[in-house]
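A short write-up of the structure that comes next.
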Amino acid sequence: MNKDIATPARTKEIMQKYGFSFKKSLGQNFLIDPNILQNIVGHAGLTKEHGAIEIGPGIGALTEHLARASKKVVAFEIDQRLLPILDDTLSPYDNIHIRHSDVLKADVRQMMEAEFADIKDIMVVANLPYYVTTPIILKLLMEDLPIKGLVVMLQKEVADRIAAKPGTKNYGSLSIAIQYYTEASTVMIVPKTVFIPQPNVDSAVIKLVKREKPPVEVTDEDFFFTVTRSSFAQRRKTILNNLTSQLPDGKAKKEDILKALEQAGIEPQRRGESLSIPEFADLANALYPYFS
Ligand code: SAM
């Protein structure tokens, strides 16, 4: 087996060899603990039949573990300066393709058709750049890509919001959006000390297993998400007040919103954080005729 990239000594050696300096604006916090990487890959349940998609390989710390555990890895890296480094550090592996692009602008579906034609089970595994964690996760889920799920490192605070249950302070429209598409759980809490440079916040690894179908039936997905976002616009406000002030003007009157709440069996004085996902689905479906 090749020497791990993710040890403090080897990482420093690579950085020095290439005169590489971290760009904070790109969320560059590299992992320097092979045990953590091993655990992340373990939670992804990869086998030699699996494909893996990585976002932000950095100098290849996680990428090489993915290459050892899976059939093929495709990694999107935005920072051109890392390309020659990755060419060097990952040269022992022949099952890795690096794509120089911003994952938020990339056509991931087309990439998957081109790169994973012969692979059925594909996982996204990444130590995400923290400045764009939610846009990346939401993009990958909303595009309904043929992936099994995601195992990703992100800020603990965002992980807490993603996996939150109704009635808790972290529960909000992000929890609902992600839990609509996946079963979400936090699988590891990670200390700051396993990164260079150390981030300012604690980290966590979450596992998102894509559902075969959503847990609720909604008439219109976009409208369902508009209703959930509106319901949390001001957390201390009642659901009635949030919906009245947030939903598009000039379409439905307060009386219509009251009627829809009654139809869905939801007290107008409740707060968004107390509603379960099925309750939000009933509410959005009852409101939809007034807004379509
Ligand atoms: N995987 C490496 C590790 O664990 O040590 C690096 C992780 S670092 C937290 C995030 C990486 O994502 C950096 O390499 C950064 O350049 C890259 N990155 C930042 N924004 C990106 C984007 N929009 N698309 C693709 N890669 C991005």
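In listed order, ligands and their atoms are each counted from 1. Positions are given from 1 along the sequence.
Of the N or O atoms in L82, none lie within a sub-3.5 Å distance of an N or O in ligand 1.
Residue Y131 places a heavy atom less than 4.0 Å from ligand 1. Not a single heavy atom of G60 sits less than 4.0 Å from an atom of ligand 1.
For atom 3 (C) of ligand 1, the nearest protein heavy atom (residue, atom name, distance) is N127 ND2, 3.6 Å. Nearest protein neighbour of atom 14 (O) of ligand 1, counting heavy atoms only, is E77 OE1, 2.8 Å. In terms of protein heavy-atom proximity, atom 8 (S) of ligand 1 is closest to G27 O, 3.4 Å. Among protein heavy atoms, the minimum distance from atom 27 (C) of ligand 1 is reached at I78 CG2, 3.4 Å. Among all protein heavy atoms, the one lying closest to atom 19 (C) of ligand 1 is L26 O, 3.1 Å. The shortest contact between atom 6 (C) of ligand 1 and any protein heavy atom is with G56 O, 3.4 Å. Ranking protein heavy atoms by distance to atom 2 (C) of ligand 1, first place goes to P57 O, 3.4 Å. Among all non-hydrogen protein atoms, the one lying nearest atom 5 (O) of ligand 1 is L31 N, 2.8 Å.
Using cut-offs of 30° and 60° for the angle between ring planes, the F224 and Y180 rings count as tilted. Taking the six-membered ring where the residue is Trp, F30 and F20 present parallel rings, their angle staying beneath 30° rather than reaching 60°. In this structure, F232 and F280 have tilted ring planes: the angle between them lies in the 30° to 60° band.
Closest approach of T186 and A163 over heavy atoms only: OG1-CB, 4.1 Å. The minimum heavy-atom distance between I119 and H50, with the atom names listed, is CG2-C, 3.8 Å. Nearest heavy atoms, A260 versus Y290: CB-CE1, 4.2 Å. Closest approach of Q28 to K23, counting heavy atoms only: OE1-N, 2.7 Å.
A 4.5 Å side-chain heavy-atom check between I257 and I239 finds every atom pair outside the cut-off. Inter-residue side-chain proximity for I96 and L86 is flagged as unmet; no heavy-atom pair is nearer than 4.5 Å.
Near S101, meaning under 4.0 Å from any of its heavy atoms, are these atoms of ligand 1: 24 (N), 25 (C). Atom numbering of ligand 1 starts at 1 in the shown order; those under 4.0 Å from a heavy atom of N29 are 7 (C), 8 (S), 9 (C). Residue-ligand proximity, Q28 to ligand 1, at heavy-atom distances under 4.0 Å covers atoms 13 (C), 15 (C), 16 (O). Proximity to D102 (heavy-atom distance under 4.0 Å) selects the following atoms of ligand 1: 22 (C), 23 (N), 24 (N). Proximity to E54 (heavy-atom distance under 4.0 Å) selects the following atoms of ligand 1: 1 (N).
The part of L128 lying near ligand 1 is the backbone, judged by heavy-atom distances below 4.0 Å. Contact annotation: for A6 versus ligand 1, there are no heavy atoms closer than 4.0 Å.
Other residues, nucleotides and ligands place no more than 12 heavy atoms under 6.0 Å from the CD atom of E267.
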Go through D4 and R68 one step at a time and tell me if the salt bridge (Lys or Arg N to Asp or Glu O under 4.0 Å) criterion holds. CA-CA 11 Å; D4 266 339; R68 288 175 195 153; 3.1 Å; yes

